[in-house]
Number of protein chains: 2
Amino acid sequence: MPKLASQQCIDPKQHQPTENQLLKALCAEVQERLFPHLELVEMPLGKVLHESGEVLRYVYFPTDCIVSLLYVMENGASAEISVVGHDGMIGIALLMGGESTTSRALVQSAGYAYRLPGQRIKSEFNRHGELLHLMLRYSQALITQMAQTAVCNRHHSIDQQLCRWLLLSLDRLKDNHLVMTQELIANMLGVRREGVTEAAGRLHKQGVIDYSRGHIIVTDRAKLERLSCECYGVVKSETDRLLPLSRHRTESVA
Amino acid sequence: MPKLASQQCIDPKQHQPTENQLLKALCAEVQERLFPHLELVEMPLGKVLHESGEVLRYVYFPTDCIVSLLYVMENGASAEISVVGHDGMIGIALLMGGESTTSRALVQSAGYAYRLPGQRIKSEFNRHGELLHLMLRYSQALITQMAQTAVCNRHHSIDQQLCRWLLLSLDRLKDNHLVMTQELIANMLGVRREGVTEAAGRLHKQGVIDYSRGHIIVTDRAKLERLSCECYGVVKSETDRLLPLSRHRTESVA
DNA sequence: TACTATATGTGCGTTATCGCACAGAGCGTA
DNA sequence: TACGCTCTGTGCGATAACGCACATATAGTA
């Protein structure tokens with residue numbers, strides 16, 4: 001196993017709200033209303049943004065961190081439902097009107113996020129303009145991800161699921177370097193740690209990843225995509241369809 | 001195995017839009033705008049309301065039928081993502097703005113539904129009033145169901161999943177009688193037909209269900225709930241929380 | 001009443017994953 | 001440099017679910 005550098009260099013000064021794709025997609029007018037209320041917050045690994053059933057006070061827009069939505073069972077076992085990175089937002093339940101969800105939001109990869117008091121975004125949401133439609137589309141992308149998680153859990157091997165999971169994480173990071181123990185991945189996938197070890201070993205043998213003690217580097221992304229099940233592709237293309245990057249002018253639904 | 005009556009008596013005349021809980025929850029004003037455009041349609045077993053990626057022309061509000069949203073894999077295997085009955089609606093993607101989804105909508109239990117041209121509900125939705133907020137809450141309930149499906153697929157036995165599935169279906173039917181082959185259930189759960197046969201046999205031995213050739217009668221619902229995993233309860237209580245007006249018919253009839 | 005298609009029951013070897021136990025390996029700190 | 005904690009590797013029996021083959025039962029129809 002190769003040696004990997006262990007330090008991360010994150011400079012808060014270089015963060016911009018527009019690093020988050022949802023915030024970026026908003027028109028200047030809405031941005032002007034919202035951005036002054038954004039607060040850049042650190043998102044350390046393991047931080048819990050909300051527990052199951054807890055009402056959120058803030059919504060979070062990740063820039064370079066990754067947050068998992070996961071369900072924790074009565075016996076403590078867990079399963080990841082979906083992943084949110086710079087592509088999305090934590091807290092759609094506030095907008096949906098439910099105020100809370102049955103899942104826990106957990107920082108899975110450290111970094112930063114902008115947060116906004118729940119009331120701020122709710123009042124913007126209730127103006128029924130661009131933000132509403134953007135959020136609805138994002139919700140649908142999230143729904144697709146959840147649906148595909150269900151499918152993948154049912155039908156695909158740990159190896160395939162690991163590939164999917166790595167790809168989803170990779171898409172939300174700046175480089176090909178994940179800070180992530182196998183134990184954590186196992187919790188996300190809802191499988192044994194040993195199962196992840198074996199799958200990772202096979203991926204390494206095939207020259208797709210290098211890893212060591214909580215660090216994973218993807219060395220052959222193309223091959224990773226080939227080894228993954230169809231689930232990754234389904235989620236990716238549907239997300240791209242619903243939320244084309246850059247600027248999509250959200251026309252009214254009707 | 002006991003003998004069961006095989007005929008169903010459905011009388012279209014007795015159907016009312018308000019049998020659907022979402023339609024029922026709307027205020028008189030909105031009902032007056034929408035109801036004249038509703039069309040009662042028959043929903044035979046196996047009917048496909050939309051394929052993956054297909055744009056819907058109508059949204060459907062089931063009265064006494066059950067519709068499964070399921071994902072069909074490239075190899076043809078399938079997995080149910082969520083269930084919709086008199087508690088919900090098929091076609092939220094139209095409102096979300098995505099226009100289509102990656103799943104197929106399939107009638108899993110025959111009956112009737114009211115349908116509405118997509119444009120009609122979209123324009124009501126865009127009035128940004130009551131319907132919008134109701135639909136958002138319903139979407140969150142649906143999301144909860146999907147999330148729990150993912151969890152259940154990962155962690156629970158076929159026996160437990162069958163219990164959950166029977167309970168979810170039961171809540172959307174008028175009585176304790178399901179018209180449903182084991183083969184169909186297997187497709188929904190994404191497992192082998194033989195696996196369902198064995199699980200059903202065990203439930204019968206425990207006095208929970210009777211069944212024969214495509215008919216299942218739940219004889220001990222309380223026990224079924226005890227045998228089910230926590231997933232059913234999570235979905236049920238969250239749905240009740242989000243949509244308190246939606247009262248399950250089993251309660252009002254029994 | 002007999003036939004046929006469909007639904008359900010059962011056996012059996014195979015596989016993936018699990019649960020557990022413990023051995024090594026790498027990094028941080030004393 | 002040595003210790004200790006965390007992370008990763010490996011072995012092994014147990015188990016749940018699979019794929020396949022085929023037997024049996026039932027409803028509907030000829």
Side-chain angles (χ1 to χ4, degrees), chain A residues 1-8 45-46 73 75-79 152-163 165-166 178-205 209-217 227 229, chain B residues 1-8 45-46 73 75-79 108 152-163 165-166 177-205 209-217 227 229:
Chain A
M1 299 301 132
K3 271 212 170 182
L4 305 176
S6 67
Q7 70 268 30
Q8 309 177 260
L45 178 65
M73 299 200 307
N75 68 9
S78 59
C152 205
N153 282 352
R154 161 64 53 223
H155 290 288
H156 298 136
S157 68
I158 293 184
D159 289 53
Q160 289 174 306
Q161 291 183 55
L162 177 59
C163 292
W165 194 88
L166 288 173
L178 292 91
V179 180
M180 192 68 54
T181 67
Q182 297 182 357
E183 175 95 42
L184 181 54
I185 297 178
N187 286 337
M188 294 301 148
L189 296 183
V191 301
R192 284 184 320 156
R193 193 269 313 162
E194 295 92 322
V196 174
T197 296
E198 288 169 7
R202 284 187 285 267
L203 283 182
H204 176 69
K205 202 171 288 176
I209 61 173
D210 285 345
Y211 61 98
S212 165
R213 285 185 72 78
H215 295 260
I216 304 176
I217 290 183
L227 291 172
C229 49
Chain B
M1 300 301 132
K3 272 210 169 187
L4 305 176
S6 67
Q7 70 268 31
Q8 308 178 261
L45 177 65
M73 300 201 305
N75 68 9
S78 59
Q108 181 217 98
C152 205
N153 282 352
R154 161 63 54 223
H155 290 287
H156 299 136
S157 67
I158 293 185
D159 289 54
Q160 290 175 305
Q161 291 183 56
L162 177 59
C163 292
W165 193 89
L166 287 173
H177 180 182
L178 293 90
V179 179
M180 192 70 51
T181 67
Q182 298 182 357
E183 175 95 43
L184 181 54
I185 296 177
N187 286 337
M188 294 301 148
L189 296 183
V191 300
R192 285 184 319 157
R193 193 270 312 163
E194 296 92 321
V196 174
T197 298
E198 287 169 7
R202 283 187 285 267
L203 283 182
H204 176 68
K205 201 171 288 177
I209 61 173
D210 285 345
Y211 61 99
S212 165
R213 284 186 74 77
H215 294 261
I216 303 177
I217 289 183
L227 291 173
C229 48

*Are the side chain of Gln160(B) and the backbone of Ser157(B) linked by a donor-acceptor contact shorter than 3.5 Å?*
yes
Starting from [atom2] on [N], measure out to [atom1] on [X] and report it in whole angstrom.
X         : N       : atom1 : atom2 : result
Leu203(A) : dT8(D)  : CG    : P     : 14 Å
His215(A) : dC27(C) : NE2   : P     : 8 Å
Arg193(B) : dA17(D) : CZ    : C1'   : 14 Å
Glu198(A) : dG19(C) : CD    : C1'   : 13 Å
Ile209(A) : dT8(D)  : CD1   : P     : 10 Å

*Go through the steps for Cys229(A) and Cys152(A) under the test side chain to side chain contact (heavy atoms under 4.5 Å, CB included), then give the verdict.*
CA-CA 8 Å; Cys229(A) 49; Cys152(A) 205; 3.5 Å; yes
*With a 4.5 Å limit on heavy-atom distance, are the side chains of Leu45(B) and Val179(B) in contact?*
no
_Would you say that Leu227(B) contacts Leu162(B) through its side chain, given a criterion of any heavy-atom pair below 4.5 Å between the two side chains?_
no
*When you get a sec, tell me which of dG9(D), dC27(C), dT8(C) is the closest nucleotide to the side chain of Thr197(B)?*
dT8(C)
*Do the side-chain N or O atoms of Gln182(B) get closer than 4.0 angstrom to the phosphate oxygens (OP1, OP2) of dT6(C)?*
no
*asked:* So, OP1 or OP2 of dG9(D): does either fall under 4.0 Å of a side-chain N or O from Tyr211(A)?
replied: yes
*Residues in side chain to side chain contact (heavy atoms under 4.5 Å, CB included) contact with Arg192(A), at least two apart in sequence or another chain*: Glu194(A)
_Ile158(B): which residues meet the side chain to side chain contact (heavy atoms under 4.5 Å, CB included) condition with it, sequence neighbours left out?_
Val191(B), Ala199(B)
*Inter-residue atom distance Asp210(B).CG - Ile217(B).CD1, 0.5 Å rounding*: 6.5 Å
*Mind listing the closest non-hydrogen atom pair of Ala79(A) and Arg154(B) along with its distance?*
CB-CG, 4.5 Å
_Those residues of residues 183-192 of chain B lying under 4.0 Å from DNA chain C by at least one heavy atom_ = none
*Which of residues 153-163 of chain B have a heavy atom under 4.0 Å from DNA chain C?*
none
*Could you check Arg202(B) against Ala200(A) and say which one's nearest nucleotide on DNA chain D is further toward the 5' end?*
Ala200(A)
*Tell me which of Glu194(A) and Gly195(B) sits closer to the 5' end of DNA chain D, going by the nucleotide each one is nearest to.*
Glu194(A)
*Which is true for Gly214(B) with a 4.0 Å heavy-atom rule: it touches a base, it touches only sugar-phosphate, or it touches nothing?*
sugar-phosphate
*asked:* What does the B/S/- profile of nucleotides 1-6 of chain D look like, 5' to 3', with a 4.0 Å heavy-atom cutoff to protein?
replied: -----B
*Can you list the residues that meet the salt bridge (charged side-chain N to carboxylate O under 4.0 Å, His left out) rule with Arg193(B), with sequence neighbours excluded?*
none
_Arg202(A): which residues meet the salt bridge (charged side-chain N to carboxylate O under 4.0 Å, His left out) condition with it, sequence neighbours left out?_
Asp159(A)
*asked:* Could you work out how much the helix from dT1(C)-dA30(D) to dA30(C)-dT1(D) bends, comparing the axis of its first five pairs with that of its last five, to 10°?
replied: 20°
Please tabulate, for the side chains in residues 180-189 of chain A, all donor-acceptor contacts under 3.5 angstrom to protein atoms that are two or more places apart in sequence or on a different chain.
| from | atom 1 | to | atom 2 | distance (Å) |
| --- | --- | --- | --- | --- |
| Thr181(A) | OG1 | Leu184(A) | N | 3.1 |
| Gln182(A) | OE1 | Thr197(A) | OG1 | 2.6 |

*asked:* Using the side-chain hydrogen bond (donor to acceptor under 3.5 Å, both in side chains) criterion, which residues pair with Gln108(B)? Sequence neighbours excluded.
replied: Ser68(B), Glu80(B)
*Look at the rings of His177(B) and His215(B) and say which category their plane angle falls in: under 30° parallel, 30 to 60° tilted, over 60° perpendicular.*
tilted
